[in-house]
Amino acid sequence: MRWEELTGDRFVEAVKECEGVCLIALSVIERHGHHLALGTDMYEGRGMLERVAKQEPVILFPDYYFTQIPEARHLAGTISIDGDLMIRLLDNVCREIARNGLKKIVLVNTHGGNFGLTMFYNMLQLYQPKDYVVYLVQPFTFMEQVETPWPPEEDDHAGPGETSMMLALRPDLVHMEVLKDDGEGKALNRLQHLSEAHVQTGIWWYADHPTHYAGNAKYATAEAGEKILDAVATGIVKAVRAIKADTEAKRLQDAFFAASSQPGVGL
Ligand SMILES: [Zn+2]
(Lines give C-alpha, C1' and ligand atoms only; values in the text may rest on other atoms or scores of the structure.)
Protein backbone atom coordinates (compact mmCIF):
# COMPACT_ATOMS: atom_id res chain seq x y z
CA MET A 1 0.00 0.00 0.00
CA ARG A 2 1.37 3.37 -0.95
CA TRP A 3 0.99 5.91 1.86
CA GLU A 4 -0.11 8.74 -0.45
CA GLU A 5 -2.82 6.62 -2.08
CA LEU A 6 -4.62 5.73 1.17
CA THR A 7 -7.47 7.78 2.60
CA GLY A 8 -7.10 8.99 6.17
CA ASP A 9 -9.71 6.46 7.32
CA ARG A 10 -8.12 3.56 5.49
CA PHE A 11 -4.66 4.53 6.81
CA VAL A 12 -5.62 3.56 10.38
CA GLU A 13 -6.69 0.04 9.28
CA ALA A 14 -3.65 -0.28 7.02
CA VAL A 15 -1.28 0.36 9.94
CA LYS A 16 -2.82 -2.65 11.72
CA GLU A 17 -2.82 -4.86 8.59
CA CYS A 18 0.86 -4.08 8.05
CA GLU A 19 1.69 -4.81 11.70
CA GLY A 20 3.13 -1.30 11.98
CA VAL A 21 5.74 -1.81 9.24
CA CYS A 22 6.62 1.07 6.92
CA LEU A 23 9.21 0.79 4.14
CA ILE A 24 11.03 3.84 2.89
CA ALA A 25 13.30 3.64 -0.14
CA LEU A 26 16.24 6.02 0.22
CA SER A 27 17.09 7.15 -3.28
CA VAL A 28 18.68 10.23 -4.78
CA ILE A 29 18.44 12.39 -7.88
CA GLU A 30 21.73 12.20 -9.78
CA ARG A 31 23.19 11.70 -13.23
CA HIS A 32 23.19 8.08 -14.47
CA GLY A 33 25.44 8.30 -17.53
CA HIS A 34 24.12 9.61 -20.86
CA HIS A 35 21.34 7.07 -21.17
CA LEU A 36 19.39 6.92 -17.88
CA ALA A 37 17.10 9.38 -16.10
CA LEU A 38 18.22 11.43 -13.10
CA GLY A 39 15.55 9.71 -11.00
CA THR A 40 16.78 6.17 -11.78
CA ASP A 41 17.37 5.26 -8.12
CA MET A 42 13.90 6.55 -7.23
CA TYR A 43 12.22 4.40 -9.92
CA GLU A 44 14.30 1.38 -8.86
CA GLY A 45 13.30 1.84 -5.22
CA ARG A 46 9.65 2.24 -6.16
CA GLY A 47 9.80 -0.83 -8.42
CA MET A 48 11.44 -2.99 -5.76
CA LEU A 49 9.07 -1.95 -2.98
CA GLU A 50 5.94 -2.28 -5.09
CA ARG A 51 6.94 -5.89 -5.76
CA VAL A 52 7.41 -6.39 -2.02
CA ALA A 53 3.99 -4.90 -1.25
CA LYS A 54 2.36 -7.43 -3.62
CA GLN A 55 3.71 -10.27 -1.45
CA GLU A 56 3.52 -8.86 2.07
CA PRO A 57 1.28 -6.19 3.65
CA VAL A 58 3.43 -3.09 4.18
CA ILE A 59 2.95 0.66 3.92
CA LEU A 60 5.31 2.29 1.42
CA PHE A 61 6.44 5.80 2.25
CA PRO A 62 6.16 8.31 -0.64
CA ASP A 63 9.25 8.74 -2.85
CA TYR A 64 12.18 10.04 -0.77
CA TYR A 65 15.31 11.30 -2.51
CA PHE A 66 17.03 13.80 -0.20
CA THR A 67 20.09 11.71 0.56
CA GLN A 68 23.87 11.70 0.13
CA ILE A 69 25.18 12.99 -3.22
CA PRO A 70 27.69 15.86 -2.90
CA GLU A 71 29.97 13.89 -5.25
CA ALA A 72 27.68 14.81 -8.19
CA ARG A 73 27.39 18.54 -7.51
CA HIS A 74 29.36 19.25 -10.71
CA LEU A 75 26.73 17.51 -12.84
CA ALA A 76 23.46 18.96 -14.14
CA GLY A 77 20.27 17.98 -12.36
CA THR A 78 21.79 16.76 -9.08
CA ILE A 79 19.83 17.54 -5.91
CA SER A 80 22.42 17.60 -3.13
CA ILE A 81 21.06 18.54 0.29
CA ASP A 82 23.34 19.84 3.07
CA GLY A 83 24.66 17.02 5.29
CA ASP A 84 23.17 18.22 8.60
CA LEU A 85 19.78 18.89 7.01
CA MET A 86 19.81 15.44 5.36
CA ILE A 87 20.15 13.77 8.77
CA ARG A 88 17.60 16.05 10.44
CA LEU A 89 15.11 15.54 7.62
CA LEU A 90 15.43 11.75 7.68
CA ASP A 91 15.06 11.77 11.45
CA ASN A 92 12.01 14.04 11.25
CA VAL A 93 10.48 11.74 8.64
CA CYS A 94 11.07 8.67 10.83
CA ARG A 95 9.46 10.43 13.79
CA GLU A 96 6.46 11.30 11.61
CA ILE A 97 6.14 7.71 10.44
CA ALA A 98 6.21 6.53 14.07
CA ARG A 99 3.77 9.23 15.21
CA ASN A 100 1.34 7.80 12.67
CA GLY A 101 1.48 4.43 14.40
CA LEU A 102 4.12 2.67 12.28
CA LYS A 103 6.67 1.60 14.88
CA LYS A 104 8.85 -0.56 12.64
CA ILE A 105 10.55 1.65 10.06
CA VAL A 106 12.54 -0.09 7.36
CA LEU A 107 15.09 1.98 5.46
CA VAL A 108 15.72 0.38 2.08
CA ASN A 109 18.80 1.94 0.55
CA THR A 110 18.62 2.18 -3.24
CA HIS A 111 21.61 4.48 -3.79
CA GLY A 112 25.15 3.13 -3.58
CA GLY A 113 26.46 6.41 -2.14
CA ASN A 114 24.26 6.02 0.93
CA PHE A 115 26.18 3.26 2.72
CA GLY A 116 27.94 5.70 5.05
CA LEU A 117 24.82 7.79 5.68
CA THR A 118 22.58 4.81 6.44
CA MET A 119 25.08 3.13 8.78
CA PHE A 120 25.66 6.42 10.61
CA TYR A 121 21.93 7.17 10.84
CA ASN A 122 21.38 3.71 12.32
CA MET A 123 23.88 4.47 15.09
CA LEU A 124 22.24 7.85 15.74
CA GLN A 125 19.22 5.88 16.98
CA LEU A 126 21.10 5.25 20.22
CA TYR A 127 21.00 8.84 21.53
CA GLN A 128 17.32 9.23 22.44
CA PRO A 129 14.74 6.74 23.77
CA LYS A 130 11.97 6.15 21.25
CA ASP A 131 8.86 4.04 20.80
CA TYR A 132 9.96 2.74 17.39
CA VAL A 133 12.83 0.81 15.81
CA VAL A 134 14.67 1.74 12.62
CA TYR A 135 15.76 -1.29 10.57
CA LEU A 136 18.15 -1.05 7.62
CA VAL A 137 18.13 -3.22 4.49
CA GLN A 138 20.74 -2.90 1.70
CA PRO A 139 19.17 -4.45 -1.48
CA PHE A 140 22.59 -4.51 -3.17
CA THR A 141 23.26 -7.64 -1.11
CA PHE A 142 20.40 -9.45 -2.87
CA MET A 143 21.45 -8.20 -6.33
CA GLU A 144 24.88 -9.78 -6.02
CA GLN A 145 23.29 -13.22 -5.78
CA VAL A 146 21.53 -12.97 -9.17
CA GLU A 147 23.09 -14.66 -12.19
CA THR A 148 23.26 -12.09 -14.96
CA PRO A 149 24.50 -12.21 -18.56
CA TRP A 150 27.43 -9.78 -18.10
CA PRO A 151 30.87 -9.94 -16.50
CA PRO A 152 30.44 -8.75 -12.88
CA GLU A 153 33.33 -6.29 -13.27
CA GLU A 154 31.37 -4.50 -16.03
CA ASP A 155 28.44 -3.69 -13.74
CA ASP A 156 28.50 -0.60 -11.57
CA HIS A 157 26.76 2.75 -11.42
CA ALA A 158 24.35 3.20 -14.38
CA GLY A 159 25.77 -0.05 -15.75
CA PRO A 160 23.91 -3.11 -17.05
CA GLY A 161 22.22 -3.89 -13.69
CA GLU A 162 20.59 -0.50 -13.25
CA THR A 163 19.92 -0.16 -16.96
CA SER A 164 18.22 -3.58 -17.02
CA MET A 165 16.01 -2.66 -14.08
CA MET A 166 15.01 0.54 -15.84
CA LEU A 167 14.32 -1.39 -19.08
CA ALA A 168 11.95 -3.55 -17.02
CA LEU A 169 10.35 -0.66 -15.13
CA ARG A 170 10.39 2.37 -17.41
CA PRO A 171 11.76 1.54 -20.88
CA ASP A 172 10.54 4.95 -22.06
CA LEU A 173 13.24 6.54 -19.86
CA VAL A 174 16.14 4.46 -21.21
CA HIS A 175 18.13 5.73 -24.19
CA MET A 176 20.16 2.73 -25.34
CA GLU A 177 20.75 4.49 -28.68
CA VAL A 178 23.13 7.05 -27.10
CA LEU A 179 25.36 4.41 -25.49
CA LYS A 180 28.89 4.36 -26.89
CA ASP A 181 31.23 1.48 -26.25
CA ASP A 182 34.13 3.89 -25.81
CA GLY A 183 35.40 2.98 -22.35
CA GLU A 184 33.74 5.92 -20.57
CA GLY A 185 32.56 3.51 -17.88
CA LYS A 186 36.08 2.41 -16.98
CA ALA A 187 37.61 3.82 -13.77
CA LEU A 188 40.19 6.55 -14.47
CA ASN A 189 42.17 5.54 -11.36
CA ARG A 190 43.43 9.08 -10.89
CA LEU A 191 44.02 8.47 -7.17
CA GLN A 192 45.49 5.00 -7.54
CA HIS A 193 48.64 6.08 -5.66
CA LEU A 194 46.42 6.68 -2.61
CA SER A 195 44.08 3.71 -2.98
CA GLU A 196 47.11 1.38 -3.29
CA ALA A 197 48.21 2.76 0.08
CA HIS A 198 44.65 2.16 1.48
CA VAL A 199 43.94 5.89 1.66
CA GLN A 200 40.56 7.36 0.71
CA THR A 201 39.39 10.94 0.18
CA GLY A 202 35.98 12.50 -0.47
CA ILE A 203 36.97 13.12 -4.09
CA TRP A 204 37.53 9.39 -4.80
CA TRP A 205 34.40 8.85 -6.91
CA TYR A 206 35.05 11.98 -9.02
CA ALA A 207 38.61 10.77 -9.44
CA ASP A 208 37.39 7.47 -10.92
CA HIS A 209 34.05 8.28 -12.55
CA PRO A 210 33.55 12.03 -13.20
CA THR A 211 30.56 11.40 -15.52
CA HIS A 212 28.81 9.07 -13.04
CA TYR A 213 28.93 6.16 -15.41
CA ALA A 214 30.70 2.99 -14.31
CA GLY A 215 30.54 -0.33 -16.14
CA ASN A 216 29.17 -1.12 -19.57
CA ALA A 217 25.42 -0.82 -19.98
CA LYS A 218 25.37 -2.41 -23.46
CA TYR A 219 24.63 -5.82 -21.89
CA ALA A 220 21.35 -4.61 -20.37
CA THR A 221 18.07 -6.43 -21.03
CA ALA A 222 14.58 -6.05 -19.61
CA GLU A 223 14.61 -9.78 -18.83
CA ALA A 224 17.68 -9.42 -16.60
CA GLY A 225 16.04 -6.40 -15.00
CA GLU A 226 12.95 -8.44 -14.09
CA LYS A 227 15.18 -11.12 -12.60
CA ILE A 228 17.10 -8.62 -10.46
CA LEU A 229 13.94 -6.87 -9.27
CA ASP A 230 12.31 -10.21 -8.37
CA ALA A 231 15.41 -11.36 -6.46
CA VAL A 232 15.62 -8.08 -4.57
CA ALA A 233 11.90 -8.21 -3.75
CA THR A 234 12.27 -11.79 -2.46
CA GLY A 235 15.15 -10.70 -0.25
CA ILE A 236 13.25 -7.71 1.12
CA VAL A 237 10.12 -9.81 1.75
CA LYS A 238 12.21 -12.20 3.86
CA ALA A 239 13.67 -9.23 5.72
CA VAL A 240 10.21 -7.77 6.35
CA ARG A 241 8.94 -11.11 7.71
CA ALA A 242 11.90 -11.27 10.10
CA ILE A 243 11.20 -7.67 11.14
CA LYS A 244 7.50 -8.39 11.73
CA ALA A 245 8.42 -11.34 13.95
CA ASP A 246 11.08 -9.38 15.83
CA THR A 247 10.42 -8.22 19.39
CA GLU A 248 14.03 -8.32 20.57
CA ALA A 249 15.35 -5.16 18.91
CA LYS A 250 12.77 -2.97 20.71
CA ARG A 251 13.25 -4.79 24.03
CA LEU A 252 17.03 -4.41 23.84
CA GLN A 253 16.73 -0.79 22.71
CA ASP A 254 14.57 -0.03 25.79
CA ALA A 255 16.99 -1.89 28.07
CA PHE A 256 19.89 0.04 26.53
CA PHE A 257 18.22 3.42 27.13
CA ALA A 258 17.36 2.49 30.72
CA ALA A 259 20.98 1.43 31.26
CA SER A 260 22.44 4.43 29.45
CA SER A 261 20.76 6.82 31.91
CA GLN A 262 22.86 5.19 34.65
CA PRO A 263 26.06 4.01 32.93
CA GLY A 264 27.80 1.10 34.58
CA VAL A 265 25.05 0.37 37.12
CA GLY A 266 23.85 -3.22 37.14
CA LEU A 267 26.76 -4.72 35.23
ZN1 LIG B 1 21.58 4.45 -9.41
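Order of listing sets the numbers, starting from 1, for every ligand and every atom in it.
Counting heavy atoms from C-beta on, the side chains of Val240 and Lys244 come closer than 4.5 Å.
The distance from the Zn ion (ligand 1) to the nearest N/O/S atom of Asp41 is under 2.8 Å. Residue contacts to the Zn ion (ligand 1): His157 brings no N, O or S atom closer than 2.8 Å.
The aromatic ring centres of His74 and Tyr206 sit less than 6.0 Å apart.
Using cut-offs of 30° and 60° on the angle between ring planes, the pair Phe115 and Phe140 is tilted. Aromatic ring orientation, His157 versus His32: tilted (interplanar angle from 30° to 60°).
Looking at Glu162 and the Zn ion (ligand 1) together, the shortest N, O or S contact belongs to OE2.
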